[in-house]
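Report on one structure; see the data block that follows.
Chain naming here is simple, since letters A, B, ... match the order of the sequence lines and numbering starts at 1 in each. Because the structure is a prediction, the values reported are computed rather than measured. The figures that follow rest on heavy atoms only: side chains count, while hydrogens, waters and symmetry mates do not.
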Amino acid sequence: MTDDVLNLEVWKGNWDLPSVDNECLTVWAYCKFSGLPTKVQKSHQTNLFQSSLAKHNLPVLQHGSATESQLGNILSYLKNQGLGVDKNFSSKELADISAFTALIEEKLLPAYLHHWWVDTDTYVEITRPFYAKASPFPLNYFVPGRIQRAAKQHIYEPRRNDVISDEEVELLVYKEAKECLNHLSYRLGEKDFFFGDQPSSLDALVFGYVAPLLKAPLPNSQLANHVKLCLNLSGLCNRILNKYLPMSPEGYAFISGLVGVVIVDEGDYDGFSGVFGDDEGGGDDD
Amino acid sequence: MASLVGDVMHLKIGATEKWPTDVAFFQPYQVEQVTLPDYSNCLAVRTFLSMSGLKFDLQLKTNAEEMSPSGRVPFLKMGAFLVAEFDPIVANVNMRGLSISAHLDETERSEMTAYITMVHTVLYNAELYLSWIDKDIFASTTRPRYGSVHPWPLSWILPWKRQMEVKSRLNACGWIDKTKENVLDEIKACLQALSDRLAKNTYFFGEKPTELDALVFGHLYNLITVRLPDSKLTGSIQNYRNLVDLCTRIEGKFYRDIQEN
């Protein structure tokens, strides 16, 4: 049976989320939807070194002898292995999943990357400190910059031409991202998940984008504010968090132990979640 | 890019102005000059306008690309305004209350947008890859055609410059590392999704054509009829019978208008 276990390595969590990275959240949630036996490791130092040398970005999935990185590769690997809930859907529903996945990657991803990695306030105050802290020395000096460069290239390069400035590109990507969120919200409607009662990879994907925007402490983010206005999307996100990705068992033990001794009021809770966020070397979860 | 120009324009014209009588449609020369991805887009826009029953005057210009406000073909000249590329042109027509997808509800419109984006990203990137990155097709077709209207050495320099632009675009979206087989697989996956969605319907959303049908026709008709050094691609498209039938249907009903125009 050990061969069947998926080893998943992700960026660690913060702000009550199991991981802060959208791709990590997506893969993790998808494995949970599918009921696959998954052993999750949160940015373990030695592993991070290896993935960094191999120029992998997290998440990295290991299964038997195969190692896959990047969201698209991992999902298509699972599909080729016949794993995952997507195989239960009809061909028309699968076609819708591909179409909306393309929509999200084209319209939402650029603004999302800009928001975390290019927007100066968020990058300096939240993103860079977090990723630097999550990476071992000396990688902490390289990893945030490397991801930022890749993000900038992804945002500006396809839209670059002689007549459009970077500011106009930013206006454009945020406008497209808000439209994309509206389309997702219309498509979801009143349903529990995009295709009825059972979650799909599309739900996992949307969850990956929406959850960090909802949970991170972002004072002035137009993207986060727009997500909060799409009530059914935040509902979807909370549903997935509660049902599929509740805090890990150690988390619960930790909390219940603490609650037994001290009364946790709101102020304490902030400090406490910070401690909790730092203290997760190899949390596993199945 | 061009949609920003479009936004300003929407503010100016308001929604009341109907289709002007002097609309000109600019594209490069069809037989000698235009490249595969550009022609797909031109065909898609022309089909869309023809489905909407809107008249335009087709203008073939060797420098259409340089004339376009976004640097891409095709583009429309309506009075004092220029609108380039598929999405802004569709948005412009919709703003004037001439939309052919007005009968769709919000969910269907969201689905249509999702499929349009998928076709844009997958098929357009695949066409860019095949015509500019694939060495055989670039040397035998794309470079001579793209450079055909310029004297030497511009006939080498300009295609090379455009190739660099395409490379950096495909690099940013991760397509540059793909092999030709990967690209053909991407095309197949996209066509499979379209084919599953279309199923046995006349058009993607019922009995009436929408902009998605126009876009799919533009790309597929072009991919089916184009003469490439190897015919693997055309063969794999023929497997999706309902998509080929859709193209035949649209060709019969709307393409005659396109040719007359």
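- The aromatic ring centroids of B:His103 and B:Phe205 lie 6.0 Å or more from each other.
- Ion pairing of B:Arg109 with B:Asp105 is absent here, as no side-chain N (NZ or NE/NH1/NH2) approaches a carboxylate O to less than 4.0 Å.
- Between the side chains of B:Thr62 and B:Gln33, no donor-acceptor pair of N or O atoms lies under 3.5 Å.
- Residues of residues 80-115 of chain A lying under 4.5 angstrom from chain B, judged on non-hydrogen atoms, are A:Ser91, A:Lys92, A:Ala95, A:Asp96, A:Ser98, A:Ala99, A:Phe100, A:Ala102, A:Leu103, A:Glu106, A:Lys107 in numerical order.
- Here the side chain of B:Asn242 pairs a donor or acceptor atom with the backbone of B:Ser195 at under 3.5 angstrom.
- Between B:Phe26 and B:Phe75, the angle of the ring planes stays under 30°, which puts this pair in the parallel group of the 30/60° scheme.
- Between the side chains of B:Asn171 and B:Ser168, no donor-acceptor pair is found at a separation under 3.5 Å.
- Using cut-offs of 30° and 60° on the angle between ring planes, the pair A:Tyr77 and A:His63 is perpendicular.
- Residues of residues 183-204 of chain A that come closer than 4.5 Å to chain B, counting heavy atoms only, are A:His183, A:Tyr186, A:Arg187, ordered by residue number.
- Side-chain atoms of B:Ser236 and B:Asn239 form no donor-acceptor pair, as typed in the model, at a separation below 3.5 Å.
- Side chains of A:His226 and A:Asn182: a donor-acceptor N/O pair is present below 3.5 angstrom, by distance only.
- If you measure heavy-atom distances from B:Thr113 to chain A, the contacts under 4.5 Å come from both the backbone and the side chain.
- Remark: the B:Tyr146 side chain and the B:Glu65 side chain contain an N/O donor-acceptor pair separated by less than 3.5 Å.
- In terms of non-hydrogen atom pairs under 4.5 Å with chain A, the most contact-rich of B:Gln192, B:Met118, B:Glu106, B:Arg197 is B:Glu106.
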